[in-house]
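Since the structure comes first, as structure tokens, the remarks are kept for the end.
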Amino acid sequence: MLMSKFTWNDLIQLNSVTTSYLSPLSCMAHIDVNAFFAQVEQIRCDYTRDDPVVCVQWNSIIAVSYAARKYGISRMDTIHEAMKKCDHLIPIHTAVFKKGESWWTYYDGYGSWMKEKEKQLPPDNYKVSLDPYRRESRKLFKIFKEYCYSVEKASVDEVFLDLGRLCFEDLMFSDDEVFQKSEAMQAIRNTFINGEYDLQTALPSLPDELKNLEFTGMVFNPANRPLLNDWDDIIFALASRETQKMRDVIKESLGYTTSCGIARTKNVAKLGSNFRKPDAQTIIKNNCLEDFLDNGSFEITSFWTLGGKLGKEICQVLNLPPKDSIKYIRNTWANSPKELESFLEKQLEERGGQFNELTTIDSTNIHTLAKKIFELSRGVHPVQLNTRPLVKSMMSNKNMRSSSCKSLIDCIDWLEVFSGELATRIQELEQEYNKVIIPRSATVLMKTTLGETYRKTTQLHNRDSKLACQDLLNATSKMAAELDKKYAEPNSKKFYPLTNMNLVISNFEILDLKKTVLDMFGNQAQVYEKNNDERNKDEMAEEEDHSTVIAAEEKTEELQCQKCDLFFPNTKEFQEHLDFHFASKLSDSLNGIGNDSRNLSVGEQRLLFSTKRPSSNSKRILSNGKKRKTAKGSGNILSFFSR
DNA sequence: TACTCACAG
DNA sequence: GGCTGTGAGTA
């Protein structure tokens, strides 16, 4: 009997938030918003996608809408060049702070392209604000979080999604007809639910009925390879539907078009999202991986983190050809990363322990590097999603024109802007995540015309544990005055005018705004709780949500595990219990992966198998529940409390 | 901790 | 090219 390439373990590992990226069935997506800043302005100002909008900062264009690209306009053009290419161009300037003011505004109708002198926005007296884009970014991120268990915010306009768990659930629980009608699929589902699988055993081969499943978006397949051949293809097809759903919601609710790439790894997914734009998604199946990497538009330096000096150095050291470097790597070191590593070692030896110009590659990192290059060239370099902490530092910066900053008074005017910007950014973060965020240090930096930099750091002590713009201004003005006194007064000619000035706040203390049940009814004061570990904020918010959700949900559901006849009061605990079965299975028969979860505390198990359930899918598992009573409308309360 | 460099969008 | 951000390495 024909079997799949994949084992039960590969499949079930998809469901683990912490190790899904290591499964050969893993499935990642990268989504980025096309010409983000331009789209934000297009939507804000009520233009359509066909209007040639560009987003402008001083004289340069920082984002070109796809409508404007049709005229051959690129980011390199100045605004005046662009207007020559398209006479009905719609330039929109970013929001700005005015020197001496602590808030930003849009000055629509103002900009360097305006003839009237009073409608200019001279960089001397204004500072660009990117706040509007951060706000929109947060809205986007929120939507992704609603639909997907595991989301990494890669930048203001892009995210990575680990779709493993979502696809796993689709496979096991979705009502899709293709699955419902397939007896073979039902058998697999039952095997799973009843825990009658052996992790080391190969999955059955793909039932013929499933070969009707359709992808959404473009499958990269110039070589016409079989579309649905094994379970990885099924996972990718499901993934393509999931990302399409999210992208549709974003397009309909916020108005943004996005591009998406789906592949086994983050690295390839990212190349994929960039492959077809705008408003498109590209699926790079495992059996088309090398076709994709070799299609002519990529080199080894196309991969993330290899775009700079490190990539150049790798090209030199490995003697890579200028074209088809990825294929060359695959063919030259065909069998193992070890071969590549020995080659690097030899090269290193020949050059006396150090490569030419840079010192980035040395004996301490060639092992890791060799493995990485080997895997990247095959499109299988596994990288986990990175859940970033809420904030590490925050900077407000201004490059000065000659006349912008000639005295201490000017410095303080700019500090007003910086303080205002940072204070509102902190405030917005606080509101969004229900936290109190207190920066404990602030650094003021000044750069003189001669290129010297002077800085001063101070500890912040806020009496009411809230960062007010005024507090920050007070603290930083003091520092500015000290710097002025120390460096400007003795030899004033060399100090002013400044060429750059910035303010950085860091060392954040993050307090939870713990809501008790009572306080939800408005009867009890809010309580701050100190959070002194490194857990990131998403995780925290999640836990909070759960506690309220469970409380309301508890009486409404009853689920039974077929395996041990236990009943469970809610979906969360039921899922947790199923997770427990996986964990046991894992530890029984696996060497290396996973701990013995039976000995783990609930909290530790949760780390292994997150039980977070995106709201849009929250009832899905019930569609397959064996025993369940009808929910008795606690929905209103629920939706009121959760966020 | 403070500072610089590399890399990215 | 201007601007904002993170992570690695170094002292």
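The chains referred to below are lettered A, B, ... by the order of the sequence lines, with proteins before strands, and numbering in each begins at 1.
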Tell me what A:Lys270 touches on the nucleic acid: a base, only sugar-phosphate, or nothing, going by heavy atoms under 4.0 Å. sugar-phosphate
Assign A:Leu445 to base, sugar-phosphate, or nothing according to its heavy-atom contacts below 4.0 angstrom with the strands shown. nothing
Measure up the A:Phe37 and A:Tyr133 rings against each other and bin them: parallel (under 30°), tilted (30 to 60°), perpendicular (over 60°). parallel
Under 4.0 Å, heavy atoms only, any strand: does A:Arg455 hit a base, just the sugar-phosphate, or nothing? sugar-phosphate
Would you check if A:Phe97 and A:Phe418 make a side-chain contact, meaning some heavy-atom pair closer than 4.5 Å? no
What's the CG-P distance between A:Asp157 and C:dT4, to the nearest Å? 16 Å
When all nucleic acid strands are considered with a 4.0 Å heavy-atom cut-off, which category describes A:Lys127: base, sugar-phosphate, or nothing? sugar-phosphate
B:dA8 P sits how many Å from A:Asn267 CG, rounded? 11 Å
Stacked cation flag A:Arg138 on A:Phe141, 6.0 angstrom / 45 deg: no
Atom NE2 of A:His30 and atom P of B:dA8: how far apart are they, to the nearest Å? 13 Å
Those residues that, when tested against A:Trp113, pass ring-ring contact (aromatic ring centres under 6.0 Å, His included) (two or more places apart): none
Determine the contact category for A:Leu130: base if any of its heavy atoms lies under 4.0 Å from a base atom, sugar-phosphate if only primed atoms, P, OP1 or OP2 are that close, otherwise nothing. sugar-phosphate
Among the candidates B:dC7, B:dT1, C:dT4, find the nucleotide nearest to the side-chain atoms of A:Asn507. B:dT1
Options C:dG5, B:dG9, B:dA2, nucleotide nearest the side-chain atoms of A:Thr457: B:dA2
When the distance from CG of A:Leu503 to C1' of C:dT4 is rounded to whole Å, what number comes out? 14 Å
If you look at every strand shown and take non-hydrogen atoms under 4.0 Å, does A:Ser396 touch a base, only sugar-phosphate, or nothing? nothing
